[in-house]
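Below is one structure; the comments refer to it alone.
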Amino acid sequence: MTAPLVLVLNCGSSSIKFAVINTATGEQPLQGIAERLATQDAQLILKIAGDRSQSALPGADHATAMQAIVRHLEASPGIAGRLVAVGHRVVHGGEYFSDSVVVDAGVLEKIRECGKLAPLHNYANLTGIEAAQQAFPDLPHTAVFDTAFHQSMPQRAYLYPLPYDLYEQWHVRRYGFHGTSFRFVAQQAARWLEKPLEDTALVIAHLGNGASVAAVRGGRSLDTSMGMTPNEGVVHGTRCGSIDPSIHAYLAEKLGLDIQAVTDLLWTQSGLLGLSGISNDCRAIEQAAAEGVTRAKLALEIYSYRLAKEIAALMVPLGRLDALVFTGGIGENSSLIRASVVAQLGYLGLTLDPEQNLRCTRGTAGPITAVGSSTALVLPTNEEWLIAQDAAAVAGLSVAA
Ligand code: ADP
């Protein structure tokens, strides 16, 4: 039997990332991004079997871009007719979803309701789902939520010390994000450790443009650094992470800004960008630091220090450490950040193997700690693959090769 293919869609406010995934092998015969949507610079970048092409889609919105994607899928001989499901990444599932689900009218309504908690993300996800439902009316559509994995957190981890009514009435609590990545990486870590997932105790650091850390025991999230929104916790590319909540009011008064303007500053002008004054991109900051730029060095130092502190804090719920795992663009590639973090966690028994650390980059997985040390691993994440697996499973499809 030919392995089923799943179309995985990740819709942002101005882009649609897409990949066709072979659920048996994980291969991606076609992938791409439609970006800068709803502007005159909108374009579609497509990779088919390694060949890259680019076409302009001036003024295209999500629906128009989706039609262009569908045309390419239909024109690809190995793909047309083999798609069995569409898997959608959805950022916020609130307390409604602790697993992936088939999308129906009730699910759409709940995703819309959770949009109050993640307005930047969920409404874009909904636009994408609706455009894809029109384009593929006969396929099952499934939703895989970033927050679902963290629904296993106990109350002591997810409740904020605020008036309890705010939780009951306004759903103010920690939700956590990057759940699909944590779930995938935890499974990979169990393989590396040659242990059943149920017996593993991991701290996983997903370090991308947004960054979060999770304590994962037995494959279940116990606690995580991101909170009600993806701005709590460690330093992000442009977001500040955890700061004193009173800074909000102080800045509003001193800068004469309203609450929304201060929030924008904390989300888009802060983090690595705000500290370095150079970029939100870790590569650019590392380059500047290597050239001796003081604020670039400071940005990296603060990033690593806060990350090490957060990892240490997550040892409280975890109790013991089988492995510290680095993933995401920075986690998979920045030997500098990893070395700095591991050096600050010596009391967890971690000692770096500098050569292994340098070797693990651009998709190379493996341990980066010395013989006799506790284990730190670099493991590339693959959220798309897990979304495809979930889509096939939830839609009740067999994934036999
Ligand atoms: P997103 O959260 O958007 O999916 P990624 O997981 O792709 O982001 O991570 C993007 C980050 O990874 C950027 O800060 C980028 O600079 C960083 N990165 C990628 N390659 C390297 C590298 N070789 N060295 C340091 N940082 C890197």
Side-chain angles (χ1 to χ4, degrees), residues 8-19 28 31-33 35-36 45 47 89-91 118 120-121 124-125 144 146 176-182 184-185 188 204-214 224-226 229-241 267-268 270-291 293 296-297 299-304 306-307 325-342 357-365 368 378-387:
V8 173
L9 292 174
N10 180 357
C11 289
S13 52
S14 64
S15 70
I16 303 175
K17 286 187 197 155
F18 55 95
Q28 299 191 5
Q31 55 172 285
I33 181 168
E35 58 185 5
R36 301 187 203 133
I45 297 171
K47 267 194 214 163
R89 177 183 180 202
V90 180
V91 167
L120 288 179
H121 297 102
N125 298 152
V144 181
D146 274 18
F177 298 86
H178 291 140
T180 314
S181 176
F182 289 130
F184 175 81
V185 170
Q188 298 301 308
I204 306 175
H206 176 111
L207 312 176
N209 279 311
S212 71
V213 191
T224 188
S225 61
M226 278 183 172
T229 74
N231 193 1
E232 198 181 337
V234 297
V235 179
H236 310 278
T238 63
R239 302 173 222 149
C240 57
W267 276 72
T268 64
S270 302
L272 284 174
L273 172 66
L275 284 169
S276 70
I278 294 169
S279 171
N280 63 322
D281 191 299
C282 190
R283 275 166 298 200
I285 301 171
E286 287 192 13
Q287 175 75 36
E291 289 161 7
V293 178
K297 287 195 230 169
L300 295 174
E301 193 182 330
I302 294 172
Y303 186 94
S304 307
R306 286 191 162 233
L307 180 55
V325 188
F326 292 96
T327 194
I330 296 175
E332 291 166 32
N333 293 296
S334 176
S335 50
L336 194 79
I337 297 278
R338 293 190 307 240
S340 171
V341 170
V342 168
N357 186 37
L358 285 176
R359 203 178 63 85
C360 288
T361 170
R362 295 173 186 277
T364 303
I368 56 166
V378 175
L379 298 176
T381 193
N382 191 344
E383 293 158 275
E384 292 81 9
W385 185 82
L386 202 56
I387 293 172

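Both ligands and their constituent atoms are indexed starting at 1 by order of listing. Bear in mind that the values here come from a model prediction, so they are computed numbers and not experimental data.
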Salt bridge (Lys or Arg N to Asp or Glu O under 4.0 Å) filter on Arg359, not counting sequence neighbours, yields none

Check ligand 1 against the protein and report each N/O to N/O distance under 3.5 Å, formatted as atom name, atom name, distance.
| unit_1 | atom_1 | unit_2 | atom_2 | d |
| --- | --- | --- | --- | --- |
| ligand 1 | 2 (O) | Asn209 | N | 3.0 |
| ligand 1 | 3 (O) | Asn209 | ND2 | 2.9 |
| ligand 1 | 6 (O) | Gly329 | N | 2.9 |
| ligand 1 | 8 (O) | Asn209 | N | 3.3 |
| ligand 1 | 12 (O) | Ile330 | N | 3.3 |
| ligand 1 | 14 (O) | Cys282 | N | 3.1 |
| ligand 1 | 16 (O) | Asp281 | OD1 | 2.5 |
| ligand 1 | 16 (O) | Cys282 | N | 3.0 |
| ligand 1 | 16 (O) | Arg283 | N | 3.2 |
| ligand 1 | 16 (O) | Arg283 | NE | 3.4 |

For residues 271-280, the salt bridge (charged side-chain N to carboxylate O under 4.0 Å, His left out) pairs (sequence neighbours left out) are none

No-hydrogen, no-angle side-chain donor-acceptor test under 3.5 Å, Thr327 and Glu332
yes

Which of Val234, Val341, Ile330 passes side chain to side chain contact (heavy atoms under 4.5 Å, CB included) with Tyr303? It is Ile330

Hits for side-chain contact (heavy atoms from CB on, under 4.5 Å) against Lys297, two or more places apart or cross-chain, chain-then-number order -> Ala289

Checking His121, Arg89, His178 against Asp146 for side-chain hydrogen bond (donor to acceptor under 3.5 Å, both in side chains), the one that qualifies is Arg89

